[in-house]
Q: 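Got a structure for you, written out below as structure tokens; questions coming shortly.
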Amino acid sequence: MYVVLARTPDGIVAHRLDDNGRPADEPELIDEEDLADWADLENDESNPRWVWDDSRKWYPQLLEGGVRIARCVDLRLSHSILRLSTLTAGSRLAMAPKGPWDSNIPLDLAPQPVADPHESLFDFHEAAGIDEPDPVAEFLLQREAIAQSSDPNRLNLLLAAESAGGLVAVEMKHGGLPWDADIHRAMLTSTLGPRPVNGERPAALEALLVEMRAALDGAEINPDSPAELLKALRRAGIPAESTRSWDLREIKHPVIEPLLTYKKLSRLMTANGWHWLDTWVVDGRFRPDYVPGGAATGRWGASGGGALQLPKQIRGAVVADEGWKFVVADASQLEPRILSAMSADRRMAEAGRGDLYEGIVATGAVATRAEAKLALLGAMYGATTGESGRLMPRLAQGFPQAIAMVEAAARAGERGEVVSTQLGRSSPLPSSQWQDIQAAANLDAASEARARSHSRSWGRFTRNFIVQGTAAEWALCWMANLRNALWTLTDGALTDGPHLVFFLHDEVIVHTPAELADDVVAIVRKAAADAGRQIFGALPVDFPVTAVTVDNYGAAK
DNA sequence: TACCCCAGCGCG
DNA sequence: AAAGCGCGCTGGGGTA
């Protein structure tokens, strides 16, 4: 059973469809304020798969009302996959001109739970000259595209995982990441000094500035402006090429050490200092917007507060509630394992029985673990120079099947072709500018070099796309399985029991009552093993998970 | 004032 | 031990 929800000028309309997508009864009109209660009843009666345009527009108010959703079809997320996938290339959906399902309506125009819920959306559409999109029609169009595709099963798994991710994203924002502002502030004070007033430098930065001036015989220096900093260094006879820490580290001069420290502390203050804390941590929770499918590869993005770049430095401020714990889990060496699974390289799978890098050393392909790691990174990113590039051929010799797969993806991208992940998410086409550059390749030597460079660059993107994208699919399946299993542990609202509070590409955090932490760890591991089987079938590729139970995120290494 | 781009750096 | 992939954010500095 499906229940498709739509907002109309008259209110919310619910369409019940049977498993064949045919109307099961007359559409039902629901008042906005009754939605959560109505959905709760519907869950009890038929446990449907909910179908709607965008989980971000429906699910928050259900969660507010204490209602959880087991599964859904997020039409917006699904549409963008089906639009590009080579598996659905001939479908009506893919052939149609771009429409409202291809645009991403800004969140602030989405209906809010309290104020008049549909008006802003209609205003937006009216202003933009867009017809109000019909979710039932779109759902049927998507079903048609999937049914006619060359591999409906893979696509169905992908879309289910993507939609589940959409639910998780809303749930994580709803629950929030527990954040202890006092600990954070204490950390800032101890490294930077007391919070400065009206834009002054904190004491620690001021002291470092004094130190730098002394090292420059009293000359002025402004480390906050890269351009001025470079000038100041050159005035002092320091041959700096850039002001990047990585480059500065190579220079021997007394000003360098305080400068590097300054940069580090200054970064802490601007990115995650007092202002960040005021802006992003409310009532002990950090609630960024997560953006499923935010990257072309299917990885999530995030906006607000830099959720996907929380420095290790401040993770100690992520503290579980009293009587609760965090289970912090990450998939070890995920991308190289994905590489071995999708290429069905049994030799590499065998090497991944334990630590994958050690396993590769054991085959004799390379000499050390560090070399194995570097070589694999090179294979997945397309390194051509440096040690990584140098080691690549050795890997190709030892694991021809795996390397041939990424090489083929790179060649396809260089020709401007599309590549796809294991479950059928396809890469975008290179830009028209890229095409123009290729078309102009035969004009002269400079054009040819330019075309070649852009071609190679897009090849590195497609090479990485298939691995990063398939890893993202694995992570989504992992999370979807995890979410379902956690739900069985307790009754009640989302935040009454173990629930996901953070996700970072190959890592999750579950906030859980302490007494359930061991159960959660077991669930996290099983969910990972299941994800591997769902995507790769019986292939003997392991996806081991490192899981620790901690009181704060900083303690998770 | 508003906006855009760049350099730099945090994360995987 | 290095420059190859994917992101978001800040502050500086320029332009309109």
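Because the structure is predicted, anything quoted here is derived from the model rather than measured.
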Q: Only pairs under 3.5 Å count here: list side-chain donor-acceptor contacts from residues 264-274 of chain A, not counting sequence neighbours, and write none if there are none.
A:
unit_1	atom_1	unit_2	atom_2	d
Thr270(A)	OG1	Ser266(A)	O	3.1
Thr270(A)	OG1	Arg267(A)	O	3.3

Q: Round to a whole Å and report the spacing from CG of Leu504(A) to C1' of dG10(B).
A: 11 Å
Q: Hey, which of Arg483(A), Met172(A), Met479(A) is the one that makes side-chain contact (heavy atoms from CB on, under 4.5 Å) with Leu167(A)?
A: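 Only one option passes, and that is Arg483(A).
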Q: Whole-Å distance between dC9(B) C1' and Leu268(A) CG?
A: 13 Å
Q: Tell me whether Arg369(A) forms a cation-pi arrangement with Tyr357(A), defined as NZ or CZ under 6.0 Å from the six-membered ring centre and within 45 degrees of its axis.
A: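 The answer is no; the distance or angle limit is not met.
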Q: Base, sugar-phosphate, or nothing: which does Thr384(A) touch, judged by heavy atoms less than 4.0 Å apart?
A: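 The residue Thr384(A) makes no contact with any strand.
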Q: Could you write nucleotides 6-16 of chain C as a row of B, S and -, 5' to 3', where a protein heavy atom under 4.0 Å of any base atom gives B, of only sugar-phosphate atoms gives S, and otherwise -?
A: BSBSSSSS---
Q: Give the dot-bracket string for DNA chain C, reading 5' to 3', where a pair is Watson-Crick or G-U wobble with both distances under 3.5 Å, ( ) marks pairs inside the strand, [ ] marks pairs crossing earlier ones, | marks a partner on another strand, and . marks unpaired.
A: ....||||||||||||
Q: Side chains of Arg56(A) and Tyr290(A): do they bring a donor and an acceptor to under 3.5 Å?
A: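 Absent: no donor and acceptor within the cut-off.
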Q: Rounded to the nearest Å, what distance is computed from the CZ atom of residue Arg244(A) to the C1' atom of nucleotide dC6(B)?
A: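 Those two atoms, CZ and C1', are 12 Å apart.
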Q: Can Gln468(A) and Thr297(A) be counted as having a side-chain donor-acceptor contact under 3.5 angstrom?
A: yes
Q: Starting from C1' on dC9(B), measure out to CZ on Arg249(A) and report it in whole angstrom.
A: 11 Å
Q: Sequence neighbours excluded, which residues qualify as side-chain hydrogen bond (donor to acceptor under 3.5 Å, both in side chains) partners of Gln313(A)?
A: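 Per chain and number, Gln313(A) pairs via side-chain hydrogen bond (donor to acceptor under 3.5 Å, both in side chains) with no residue.
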Q: Would you mind listing every side-chain hydrogen bond (donor to acceptor under 3.5 Å, both in side chains) that reaches into residues 376-401 of chain A, with sequence neighbours excluded?
A: Glu387(A)-Arg390(A)
Q: Which residue is it: Phe502(A), Tyr553(A), Trp276(A)? I am looking for the one with a ring-ring contact (aromatic ring centres under 6.0 Å, His included) to Phe286(A).
A: Trp276(A)
Q: Applying side-chain hydrogen bond (donor to acceptor under 3.5 Å, both in side chains), name anything that partners Thr261(A), two or more places apart in sequence or on another chain.
A: none
Q: Would you say a side-chain N or O of Lys263(A) is under 4.0 Å from OP1 or OP2 of dC9(B)?
A: yes
Q: Just N and O in the side chain of Lys373(A): are any of them under 4.0 Å from OP1 or OP2 of dG4(C)?
A: no
Q: Can you tell me the distance, in whole Å, between the CG atom of Leu310(A) and the P atom of dC11(B)?
A: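 So the two atoms are 9 Å apart, to the nearest Å.
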